Number of protein chains: 2
Amino acid sequence: MTVTLADVAAHARVSPATVSRVLNGNYPVAAATRERVLRAVSELDYVVNGPASALAAATSDLVGILVNDIADPFFGIMAGAAQAHLNTPSDASAPIRTNAERLAVVCNTGGSPARELTYLTLLQRQRAAAVILTGGAIEDAEHSAAVAAKLARLAEAGTRIVLCGRPALGGAEFVHATLSFDNRAGARRLTGHLLSLGHRRIGYVAGPAERTTTRHRLEGHREALAAAGAADDPALVLHGSYDRASGRAAAARLLSAAPDLTAIVAANDTIALGVCAEARERGLRIPEDLSVAGFDDLPSATDAVPALTTVRLPLYEAGARAGALAAGAGAAGHVEVVPAELVVRGSTGVVRAG
Amino acid sequence: MTVTLADVAAHARVSPATVSRVLNGNYPVAAATRERVLRAVSELDYVVNGPASALAAATSDLVGILVNDIADPFFGIMAGAAQAHLNTPSDASAPIRTNAERLAVVCNTGGSPARELTYLTLLQRQRAAAVILTGGAIEDAEHSAAVAAKLARLAEAGTRIVLCGRPALGGAEFVHATLSFDNRAGARRLTGHLLSLGHRRIGYVAGPAERTTTRHRLEGHREALAAAGAADDPALVLHGSYDRASGRAAAARLLSAAPDLTAIVAANDTIALGVCAEARERGLRIPEDLSVAGFDDLPSATDAVPALTTVRLPLYEAGARAGALAAGAGAAGHVEVVPAELVVRGSTGVVRAG
DNA sequence: TTGAAAGCGTTACCAC
DNA sequence: GTGGTAACGCTTTCAA
């Protein structure tokens with residue numbers, strides 16, 4: 001039923017081998033022959049059989065991108081950027097050359113350790129060409145070990161491992177490249193900004209407890225408080241998930257328990273939006289009555305809330321870089337850390353909270 | 001290097017065929033043998049070779065999900081829902097049984113016709129088990145024909161085609177199921193609401209010109225105006241892309257050109273956020289000075305802007321349904337249309353604009 | 001520059 | 001219930 005490479009070969013009066021060579025363009029073929037083959041291909045509307053080709057070549061053109069929450073633009077931006085840069089030069093809107101094109105597989109773990117592992121297995125089963133892990137990792141020794149083991153096996157089978165917005169795996173030489181965010185410095189800078197404006201009672205709505213981003217950002221916040229000699233009241237720190245509902249609930253609790261708060265730092269913009277919603281519900285004006293500061297880079301959200309102080313992470317750039325690295329660009333085994341000044345880049349232009 | 005099915009067979013002292021049977025569970029195997037095989041599998045840490053299996057079985061377990069913008073939660077919500085429901089019962093957080101598990105491939109077309117086609121080809125190449133097309137389609141005869149042809153070929157090769165939030169393809173019996181949104185009725189209801197509040201000069205920020213969602217929503221808006229006998233000033237309708245920047249620019253133009261506007265309808269929530277941002281920048285209070293009404297279902301965004309009127313689309317439910325249908329649940333060839341009352345469901349509880 | 005043919009790792013049909 | 005063994009469609013030496 002479906003057209004095979006052999007059909008094309010017959011139609012073009014050449015051998016299957018030649019057709020394969022033309023299609024993969026990795027071998028010299030006479031111009032005339034090539035023409036003939038190409039014509040046959042389009043005449044028969046032939047499409048390579050990915051699985052067969054992957055089996056024979058022992059590698060596929062699938063690239064897995066693991067995200068914690070596909071509905072969160074934080075990941076959407078990174079994933080989109082990575083995907084756009086998986087296939088070298090090309091401007092994003094250009095039609096992709098259908099052949100030998102890498103296909104991004106965005107996998108939504110929902111923050112679940114189990115699903116993270118399962119997806120890695122699924123990608124291993126597909127013999128993925130690369131895997132990009134994005135966002136904060138779960139801080140659990142057992143799970144970390146399991147992930148590391150899985151990644152090691154993947155790498156061993158030829159899959160390129162790239163970390164984006166994820167802390168480096170200590171001494172894991174199977175990681176092709178790491179693009180880690182300096183969350184600690186970013187948070188330090190963010191809280192430092194609020195302190196410099198005179199705020200002293202600052203609430204903090206953190207992310208889920210066992211996440212690296214949660215911990216690092218919170219540590220940065222505390223470092224800033226310490227550096228300014230401000231009190232670090234544990235009652236002002238609340239944990240929750242990285243979503244609006246959580247941010248809103250936390251703000252409600254904070255504002256009830258400590259009405260003297262003048263500012264609230266949110267561990268990410270999604271949470272910040274929830275905090276803003278709660279503030280408005282209570283008739284508080286932002287930033288006159290309450291300053292709210294978010295962390296991520298969600299221009300779509302933050303612009304809508306002029307009161308939001310944002311430390312811009314170069315999300316898109318990081319994702320783009322990760323995509324290119326996954327595609328094989330850059331030196332293997334090289335660990336790259338997004339420098340602090342890049343992480344907070346642009347923040348001066350964005351800071352608007354009072 | 002990598003462990004193969006043959007290795008497992010040898011280790012378990014059975015034939016490759018038996019191992020395959022155990023793994024696929026589609027054939028009777030003695031309990032004892034099964035045990036032995038399973039033990040061998042875990043002892044050798046064996047992982048099926050997806051491509052090989054897909055080649056032999058002539059179908060893969062990949063399911064493609066095409067979205068227009070992966071950074072837009074509108075699509076993220078649908079894609080996430082679909083993905084979560086690709087593998088029947090299971091609660092979302094449960095570990096997926098690694099074997100024979102469907103893998104969602106989220107493809108970001110960026111709204112580009114060329115990329116849409118290319119991704120379809122890529123999925124065809126992977127012999128995808130199903131393809132879910134989400135969101136508005138591009139209204140271009142040539143492109144539509146090309147897509148239809150592509151889909152027909154995919155279907156012919158056994159790929160299930162599911163449309164989610166996309167208008168039905170007239171008379172295309174190769175479509176497994178269609179979940180279309182009644183955008184026209186939704187928009188009618190939204191603008192009708194503003195009219196019932198007494199607004200007469202209502203701006204409208206539409207989406208990209210050649211998109212079905214754009215047209216349908218705008219038509220609904222106009223129908224509502226006509227029904228209420230309100231003037232339909234073409235100068236009050238501006239087109240742009242479905243993003244914030246566009247919404248903001250359009251609002252700026254509208255507010256400058258027609259200062260007597262009392263309300264603005266945005267074709268989706270992302271645009272609405274841009275409109276809100278511009279309004280604030282001009283010192284306008286919402287909803288006292290200007291009512292802003294959005295269309296999509298982006299709880300994360302709308303809650304933050306209490307002034308926003310939102311017609312809730314059952315996005316998550318639609319996505320979930322699409323996922324299940326793509327996985328084979330439900331009757332084939334069945335066309336399902338989300339009924340209008342479902343589309344506007346919940347809007348009464350959400351409408352808050354003044 | 002091109003062709004022949006041996007795999008690649010599963011699946012599924014046919015015997016036993 | 002289990003084993004043997006052709007496919008499946010492509011890639012890639014090895015020769016010519």
Side-chain angles (χ1 to χ4, degrees), chain A residues 1-38 40-41 44-62 98-100 124-129 157-158, chain B residues 1-38 40-41 44-62 98-100 124-129 157-158:
Chain A
M1 192 67 244
T2 37
V3 184
T4 73
L5 186 143
D7 297 332
V8 175
H11 196 84
R13 312 183 132 277
V14 296
S15 75
T18 301
V19 177
S20 172
R21 286 169 188 139
V22 170
L23 258 28
N24 293 307
N26 51 8
Y27 220 80
V29 173
T33 318
R34 156 187 226 76
E35 270 314 302
R36 207 137 39 84
V37 170
L38 256 20
V41 167
L44 297 180
D45 198 11
Y46 169 70
V47 174
V48 186
N49 182 315
S53 136
L55 172 58
T59 175
S60 80
D61 37 27
L62 256 39
T98 304
N99 245 66
Q124 181 183 6
R125 180 169 89 192
Q126 300 298 334
R127 302 297 187 260
Chain B
M1 194 65 246
T2 37
V3 184
T4 73
L5 187 143
D7 297 332
V8 176
H11 196 84
R13 312 182 134 276
V14 295
S15 75
T18 301
V19 177
S20 174
R21 285 171 189 138
V22 171
L23 259 27
N24 294 305
N26 51 8
Y27 219 79
V29 173
T33 318
R34 155 186 228 76
E35 270 316 301
R36 205 138 38 84
V37 171
L38 256 20
V41 166
L44 297 179
D45 198 12
Y46 169 70
V47 174
V48 186
N49 182 316
S53 148
L55 173 58
T59 176
S60 79
D61 37 26
L62 256 38
T98 304
N99 244 65
Q124 180 182 7
R125 180 169 90 192
Q126 300 298 333
R127 301 298 187 259

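Below, chain A is the first sequence line, B the second, and so on; all start at residue 1. Note that this is a predicted model, so its numbers are computed, not measured.
- Residues passing the side-chain contact (heavy atoms from CB on, under 4.5 Å) test with A/Ala17, sequence neighbours excluded: A/Ser15, A/Arg21.
- Looking at every heavy atom in both residues, B/Ala157 comes nearest to A/Thr2 through CB-CG2, 4.3 Å.
- Heavy-atom minimum distance, A/Arg36 versus A/Arg13: NH1-O, 3.8 Å.
- One distance of note links CD of B/Gln124 with CD of B/Gln126; it measures 11.0 Å at 0.5 Å rounding.
- Summary for the helix from C/dT1-D/dA16 to C/dC16-D/dG1: the axes at its two ends, each from 5 pairs, differ by 30° when rounded to the nearest 10 degrees.
- Every residue two or more places apart in sequence or in another chain that forms a side-chain contact (heavy atoms from CB on, under 4.5 Å) with B/Ala40 is listed here: B/Val8, B/His11, B/Ala12.
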Nucleotide by nucleotide, 5' to 3', does protein get under 4.0 Å of the base (B), only the sugar-phosphate (S), or neither (-) in nucleotides 6-16 of chain D, counting heavy atoms? --BBBSBB---
Side-chain donor-acceptor pairs of residues 44-54 of chain B under 3.5 Å, sequence neighbours excluded:
from: B/Asp45; atom 1: OD2; to: A/Arg153; atom 2: NE; distance (Å): 3.2
from: B/Asp45; atom 1: OD2; to: A/Arg153; atom 2: NH1; distance (Å): 3.3
from: B/Asn49; atom 1: OD1; to: B/Ala52; atom 2: N; distance (Å): 3.0

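- Listed by chain and number, the residues in a side chain to side chain donor-acceptor pair (under 3.5 Å) with A/Ser20 are A/Asn24 (sequence neighbours excluded).
- Residue A/Thr33 has no polar side-chain atom (N or O) positioned under 4.0 Å from OP1 or OP2 of C/dT1.
- One atom, CZ of A/Arg36, and another, C1' of C/dG3, lie 13 Å apart when rounded to the nearest Å.
- A/Ser60 places a side-chain N or O within donor-acceptor distance of the main-chain N or O of A/Arg127, the cut-off being under 3.5 Å.
- Rounded to an integer number of Å, the gap from CD of A/Gln124 to P of C/dG9 is 14 Å.
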